[in-house]
Amino acid sequence: MILSENSENIVHTGLEFLDWVVISSYMIFSIGIAFFVAKHKSKNITDFFVAGRNLPWWLLGTSIAATWFATDAPLAVTALVRSKGIYGNWLWWYLGTGILMMVFFYAKYWRRAEILTDAEMIELRYSGKSASVLRGFTAGFFGIFKNCISLGWVILAMIKFSNIMLGWSAELALGITLTFALVHTLTSGIKGVVILDMLHFSAGAISNVIFAILVLVQVGGPKKLATQIAARTDAPAGVLDMFPDLSHIGVTEMISFVCLIGVLWLGQAQGDGYIVQRLFSAKNEKHAIKASLWFAVAGVIILTWPWIVVGLGSIVILPISEASTALSADPELIYPMMINAVLPEGLKGLLVVAFMAAFMSTVDTHLCWGGSYMVNDIYKRFINTKANESHYLFVSRLSIVILLLLSAVAAWQMDSIAGAWIYIIEIVSGIAIILMLRWFWWRINAWSEITSMISALFLANGFLWIKWMHDFGLVNDTVLARVNGWYQDDVALIRATVILILCTIISLVVTFATRPVDNDKLLSFYKKVRPKGWWGPISVQVPELVDTSSSRNSWLGFVFGAIFLNSLLFSVGHMVLGSYSIALILLVIGGISGWLTLKLVEATKTQEYL
């Protein structure tokens, strides 16, 4: 693994005594919570991975948001603002629309399914060997490969941060935080992770809001921030734009933006991974729905704007034209550099605490989530199906240790693995529509999902196939150049959209060309989940279980939720730029639409009322 080649040019600012008092106090308090939760031992893997399905919405939604606030997030946000402007944050803002669809269309079904992992859903919904193979592959790909790559990025961000803020070696910083995260996850399972996430989120949100306020104070307030940035000639064109403007960006980038907000948000619509693992842990369906909604607000609005303010402030406080060699080579260093430039003694320690909290929260969650795949969907399903619960608990903890070691290897080799992340994004987008349809259309089968995965894998790696064909003389240089142009980073979002469309079409063709899922399996799934949609041949067999409620409230909730989320998002944005009248108007719109959204959440029909 390689850090910045100019890392030796970075000025390391040591923390003062008060900073260390803050850091030590937080760590001791966290350890106290861990020991308290550890007293309530898990009796089985259901307790260990989904806390006996008895957690409240506010704790679960906060936990998801805390995991979303990984150590790489503030570094990436501030660097993006500094290089592209505010509109660059649509790379994560677009997820809000998908989360809102999950709130009104999928959260209740995930909780109703009563499973431990989303991979288990495959054999709940499909039948035969194809379903078994798909479940095992899904667990391996998402639970091990994708999970370890994600943790690798997070570990690298922590190394980068500790290199500047602490002056520690990477080994020391990671040794302390990883050990604590590992011990906490092993002893308390998901319940301890979620409870500690509440502390981590609070520390992270409060410290970053304080940081943003101090940045605004140093530059003279919101209006002065906007006017000073507008006057700088070294700032990127349109840096204050919240939506991309063709006068400031190219046509390709605008098309990419349209693909992002118009299509690619569907990849988040049904939810997956650690997000739905939290929903499995909810007290009931209504708590799962509310947890999803709170996550949308906490993750998209509360967390991102303080980082954006820091990124904007950096253009004034540490101008781009005066950037050091190290900062020019690696713009993500700007966040810890701003901490050193702006925060006084004590508050620096609080921001270090926030980073440690974010790091441990993300590691805890990914280890617990990945471990659930390894045990529930691989070991218990295919290797040892008849062991007792204590044995499965032991294997759960062992799998968590193995995942941590694999993630460490991924981090140290990230320079050679990083390109795989683009492949993962494109593969996930390729299967999005099929994963959504399996809840609402009886005709989708395991081969639908298998085809979408294979198609996405093939298309995401198209440049490799063409290169091999070129090496064997099957295509000429012109074809190779055209294909390589299609696989450049600047068209990645357009490519992902095309892959989504093509994979969906191919999968639907295969769906009609293959046999439906066995009637008994479909009937069993329908009785348990009771989904709406196109289930005619199945629902006619159990007319007494058909959900006859209208979908009108769900669609209205989705629309009002989107208005609420985006109004509030841009209200905060105009406020930090000094446009108070626009901010107030958007706040009123957000308040009204938010009230309507909550009313529609309460009106959502759950299992208890069907």
Checklist entry - Can you find a heavy atom in the side chain of Gln268 that is under 4.5 Å from one in the side chain of Met101? => result no

Item to check | Whether Ser593 side chain and Phe564 backbone form a donor-acceptor pair below 3.5 Å | outcome: yes

Item to check | Test side-chain hydrogen bond (donor to acceptor under 3.5 Å, both in side chains) applied to Asp241 - qualifying residues, sequence neighbours left out | outcome: His248

Checklist entry - Would you say the side chain of Phe463 lies within less than 4.5 Å of the side chain of Ile466, judging by non-hydrogen atoms? => result no

Checklist entry - Rounded to the nearest 0.5 Å, how far apart are CG of Asn208 and CG of Leu350? => result 9.0 Å

Next on the checklist: Is there a side-chain contact between Phe201 and Ile302 in this structure, where contact means two heavy atoms from C-beta onward sitting under 4.5 Å apart?
Outcome noted: yes

Checklist entry - Which atoms form the tightest heavy-atom contact between Ile144 and Leu403, and what is the distance? => result CA-CD2, 4.3 Å

Checklist entry - How long is the span from the CG atom in Leu457 to the CE atom in Met453, to the nearest 0.5 Å? => result 10.0 Å

Checklist entry - Going through the distances and angles, do Ser292 and Arg278 end up as a side chain to side chain donor-acceptor pair (under 3.5 Å)? => result CA-CA 9 Å; Ser292 304; Arg278 297 298 189 271; over 6 Å; no

Next on the checklist: Could you walk me through whether Phe558 and Val103 satisfy the side-chain contact (heavy atoms from CB on, under 4.5 Å) test, starting with their C-alpha distance in whole Å, then the side-chain angles of each, then the deciding distance to 0.1 Å, before giving a yes or no?
Outcome noted: CA-CA 8 Å; Phe558 173 66; Val103 170; over 6 Å; no

Item to check | Exam field: side chain Arg82 to backbone Ser314, donor-acceptor pair closer than 3.5 Å | outcome: yes

Checklist entry - Backbone N or O of Thr67 within a donor-acceptor pair of the Thr362 side chain at under 3.5 Å? => result yes

Checklist outcome for this item: Across all chains, not counting sequence neighbours, the salt bridge (Lys or Arg N to Asp or Glu O under 4.0 Å) partners of Arg232 are Asp234

Item to check | Whether Ser579 side chain and Met575 backbone form a donor-acceptor pair below 3.5 Å | outcome: no

Next on the checklist: Do His574 and Met242 make a side-chain contact, defined as non-hydrogen atoms from C-beta onward lying under 4.5 Å apart?
Outcome noted: yes

Item to check | Residues in side-chain hydrogen bond (donor to acceptor under 3.5 Å, both in side chains) contact with Thr478, at least two apart in sequence or another chain | outcome: none

Checklist entry - Which pair of non-hydrogen atoms, one from Ala203 and one from Val353, has the smallest distance, and what is that distance? => result CB-CG1, 4.3 Å

Next on the checklist: Taking ring pair (Phe, Tyr, Trp, His ring centres under 6.0 Å) as the definition, give me every residue that meets it alongside Trp468, ordered by chain and number, with sequence neighbours left out.
Outcome noted: Trp465

Next on the checklist: Applying the side chain to side chain contact (heavy atoms under 4.5 Å, CB included) criterion to Tyr487, which one of Asn484, Val483, Val491 satisfies it?
Outcome noted: Val483

Item to check | Spacing of Leu500 atom CG and Ser455 atom OG [to the nearest 0.5 Å] | outcome: 11.5 Å

Next on the checklist: I'd like to know whether the aromatic ring centres of His366 and Tyr274 sit less than 6.0 Å apart in this structure.
Outcome noted: yes

Checklist entry - Looking at Trp305 versus Trp93, is the centre-to-centre ring distance below 6.0 Å? => result yes

Checklist entry - Ring centres of Phe560 and Phe104 under 6.0 Å apart? => result no

Item to check | Side-chain heavy atoms of Val239 within contact of Pro236, under 4.5 Å | outcome: yes

Item to check | Sidechain-backbone polar pair: Ser324 side chain, Leu327 backbone, donor-acceptor under 3.5 Å | outcome: yes

Checklist entry - So, do Leu404 and Leu367 sit near enough that their side-chain heavy atoms are less than 4.5 Å apart? => result yes

Checklist entry - Hey, is the main chain of Ile431 close enough, under 3.5 Å, to the side chain of Ser452 for a donor-acceptor pair? => result no

Item to check | Gln270 CD to Met102 CE distance, which is reported to the nearest 0.5 Å | outcome: 9.5 Å

Checklist entry - Are Trp90 and Phe243 close enough that their ring centres sit under 6.0 Å apart? => result yes

Next on the checklist: To the closest 0.5 Å, what do you measure between NZ (Lys348) and CG (Asn340)?
Outcome noted: 5.0 Å

Item to check | Taking every non-hydrogen atom, the tightest pair across Gly430 and Ala456 | outcome: CA-CB, 4.1 Å

Checklist entry - Do Leu347 and Leu351 have side chains that get closer than 4.5 Å, going by heavy atoms? => result no

Item to check | Leu577 vs Ile86, side-chain contact (heavy atoms from CB on, under 4.5 Å): CA-CA, chis, key distance, verdict | outcome: CA-CA 11 Å; Leu577 294 177; Ile86 295 175; 4.0 Å; yes

Item to check | Audit row: Leu569, Asn566, side-chain contact (heavy atoms from CB on, under 4.5 Å) steps and yes/no | outcome: CA-CA 5 Å; Leu569 178 69; Asn566 287 287; 4.2 Å; yes

Next on the checklist: How close do Asp490 and Thr252 get, counting heavy atoms only, and between which atoms?
Outcome noted: O-CG2, 3.6 Å

Item to check | Backbone of Gly273 reached by a side-chain donor or acceptor of Asp118 within 3.5 Å | outcome: yes

Checklist outcome for this item: Sorted by chain and residue number, the side-chain hydrogen bond (donor to acceptor under 3.5 Å, both in side chains) partners of Ser581 (sequence neighbours excluded) come out as none

Checklist outcome for this item: Heavy-atom closest pair (Leu151 atom, Ser407 atom, distance to 0.1 Å) is CD1-OG, 3.1 Å

Next on the checklist: Between Trp294 and Thr62, is the side chain to side chain donor-acceptor pair (under 3.5 Å) condition met? List the steps.
Outcome noted: CA-CA 7 Å; Trp294 169 232; Thr62 303; 2.8 Å; yes

Checklist entry - Atom CD1 of Ile563 and atom OG1 of Thr597: how far apart are they, to the nearest 0.5 Å? => result 8.0 Å

Checklist entry - Under a 4.5 Å cut-off applied to non-hydrogen side-chain atoms, are Leu264 and Tyr94 in contact? => result yes

Next on the checklist: Run the side-chain hydrogen bond (donor to acceptor under 3.5 Å, both in side chains) test against His470 and tell me which residues pass, sequence neighbours left out.
Outcome noted: Asp477

Item to check | Test log, rule side chain to side chain donor-acceptor pair (under 3.5 Å), inputs Gln277 and Tyr373 | outcome: CA-CA 11 Å; Gln277 186 185 49; Tyr373 279 123; over 6 Å; no

Next on the checklist: With side-chain contact (heavy atoms from CB on, under 4.5 Å) as the criterion, how do Leu100 and Leu293 come out once you've worked through the C-alpha distance, each side chain's angles and the decisive distance to 0.1 Å?
Outcome noted: CA-CA 7 Å; Leu100 286 167; Leu293 182 60; 3.8 Å; yes

Checklist entry - What is the minimum heavy-atom distance between Val209 and Pro306, and which atoms define it? => result CG2-CG, 4.0 Å

Checklist entry - Is a side-chain N or O of Ser83 found less than 3.5 angstrom from the main chain of Leu80, in a donor-acceptor match? => result yes

